[in-house]
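Before any comments, here is the structure.
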Amino acid sequence: MKVYKFGGASVRSAEGVRNIVRIVSAVSGDLFIVVSAMGKTTNALETVLENFMKADREAALEKLSEIEGYHRDVISELFTDPGQGYKAVKPLFDEIRTLINNGVGDEYDRWYDRLVSCGEIISTRIVSAFFTESGMDNVWLDMRKLLVTDSNFREANVRMEESEKRISEAVDFSKSRIYIGQGFIGANTKGDPTTLGREGSDYSAAIAGNLLNAESVTIWKDVPGILNADPRIFPNTALIPELTYHDAVELAYSGAQIIHPKTIKPLQNKLIPLYVRPFGTPDEAGSIINETAPPIAVPVLILRKNQVLVTMRPRDFSFVLEESLTKIFAIMNKRRLKVSLIQSSAVSISVCVDNTRYLLDALDEMGNDFKVSYNDKLELLTIRGRNDEVIRQTTSGRDILLSQKTRRIARFLMREEGVYSL
Ligand code: ASP
Ligand code: MG
């Protein structure tokens, strides 16, 4: 069997959903399909949540109506009888409305998972109903019942053994050739919904591939495959046809937005190849990630935005690097801050982290032991396969706060500018 994953951009319109049917009908074997929320629905649900947490129910409900309207538009373009299509999702919107009307916004992370996870439930209901209307028998699965996670809300970790048991019970290809489940979501053992982190549907697909022993996992994307740079930022990009798991992990952790960083491990562990293929031109091969591949022939550029450089100096001046690092990382870990770069000197330690909701809490806590200062609105440019010309073109004239170079990789932490003419 194979796993196919369709991201938010693929399902953002009726045309996209029709294209999924086209791609899937070209496959004759068994398929497990993982789908994200439609278009920008996750962002929109985050806005619903923000309003709900502020106890502004009216604004929350208004935003929800907007989301419902968008889905209704897709449905009415898709189904011969839009009323029938709408039936597949109306109860879900009613359920969210009830949550908003009756719930009390206490714990942000828990509420996030309860509300924002609905985006995927809605999209998969629509896709599954449209498959049925198109004559493709399929089984819709609720991943909140199958993917068991811990209770680390908003960034839950999957319990593989328990999930394997449930998923292999639910999926029986002798009964149906096509199963459709949600990316990004699961539930803890008590059944409270959880999410796996933004853009986590890739990770869900990889887990499904691992648990079902897939022959391959394919992520369908709105790009030609894995490129050496983000085409939205850098004008000239090249396709990388083949990468190793190792390459892919390195790119993902440097902030390449092509695949979620956690995606590779479940695949590498069972040596399942990962294809990244263009949704708009499905005849093209795209890129393949597997155990062996030739070295990447072009320099790779990865830009990680919204970075903060935090510098810490121990208050008591007794500088013991290991101890300080241990303290700093314990706090970072607790607040789930992703460290993208570390630099230490005789009297200070600097780390570069994503600017997230819990950053200030972390800095506050560090203030007990350290004198903390920080710069925000930075971007971290990683250039892999060092190339002096590329470095010159991307960094000359820029305000560089910190740089690190190894034989293969150069990294520059700079003030945000966002215009690259490379
Ligand atoms: N819908 C979620 C998000 O936008 C998960 C995903 O798309 O992978 O983050
Ligand atoms: Mg998405």
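Bear in mind the structure is a predicted one, so any value in this text is a computation, not a measurement. Each ligand, and each atom within it, is numbered from 1 in the order the structure gives.
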Discussion item. Regarding D354 and R304, does a basic nitrogen lie under 4.0 Å from an acidic carboxylate oxygen?
Written reply: yes
Item to complete: Using a strict cut-off of less than 4.0 Å between a Lys/Arg side-chain nitrogen and an Asp/Glu carboxylate oxygen, indicate whether R232 and D230 qualify as a salt bridge.
Response: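 Salt bridge flag = yes for D230 with R232.
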Fill in: E379 and its salt bridge (Lys or Arg N to Asp or Glu O under 4.0 Å) partner, picked from R411, R415, R398
R398
Worksheet item: With respect to atom 4 (O) of ligand 1, which of R198, M38, K40 exhibits the smallest heavy-atom separation?
Response: R198
Fill in: Min N/O separation T42 to ligand 1 under 3.5 Å
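Yes - when backbone and side-chain N and O of T42 are compared with those of ligand 1, one distance drops under 3.5 Å.
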Fill in: Sub-3.5 Å N/O-N/O distance, E199 and ligand 1
yes
Worksheet item: Which of the atoms in ligand 1, numbered in the order shown and given with their element, are less than 4.0 Å from a heavy-atom of S36?
Response: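 Reading through ligand 1 atom by atom, the close ones are 6 (C), 7 (O), 8 (O).
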Discussion item. Using a 4.0 Å cutoff against the non-hydrogen atoms of S201, which atoms of ligand 1 qualify?
Written reply: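 By the 4.0 Å cutoff, the relevant atoms are 5 (C), 6 (C), 7 (O), 8 (O).
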Discussion item. So, 4.0 Å and heavy atoms of G183: is ligand 1 close enough to count as a contact?
Written reply: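 Per 4.0 Å heavy-atom rule, G183 does not contact ligand 1.
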Worksheet item: Does even one non-hydrogen atom of H260 get within less than 4.0 Å of ligand 1?
Response: no
Practice prompt. If a pair satisfies salt bridge (Lys or Arg N to Asp or Glu O under 4.0 Å) and one of its residues is in residues 131-140, list it, with sequence neighbours excluded.
Written response: none
Worksheet entry | NZ/K270: more than 12 non-hydrogen atoms of other groups inside 6.0 Å |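 Result for NZ/K270: enclosed.
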Discussion item. Once salt bridge (charged side-chain N to carboxylate O under 4.0 Å, His left out) is applied, do any residues pair with R166, and if so which ones, sequence neighbours excluded?
Written reply: E162
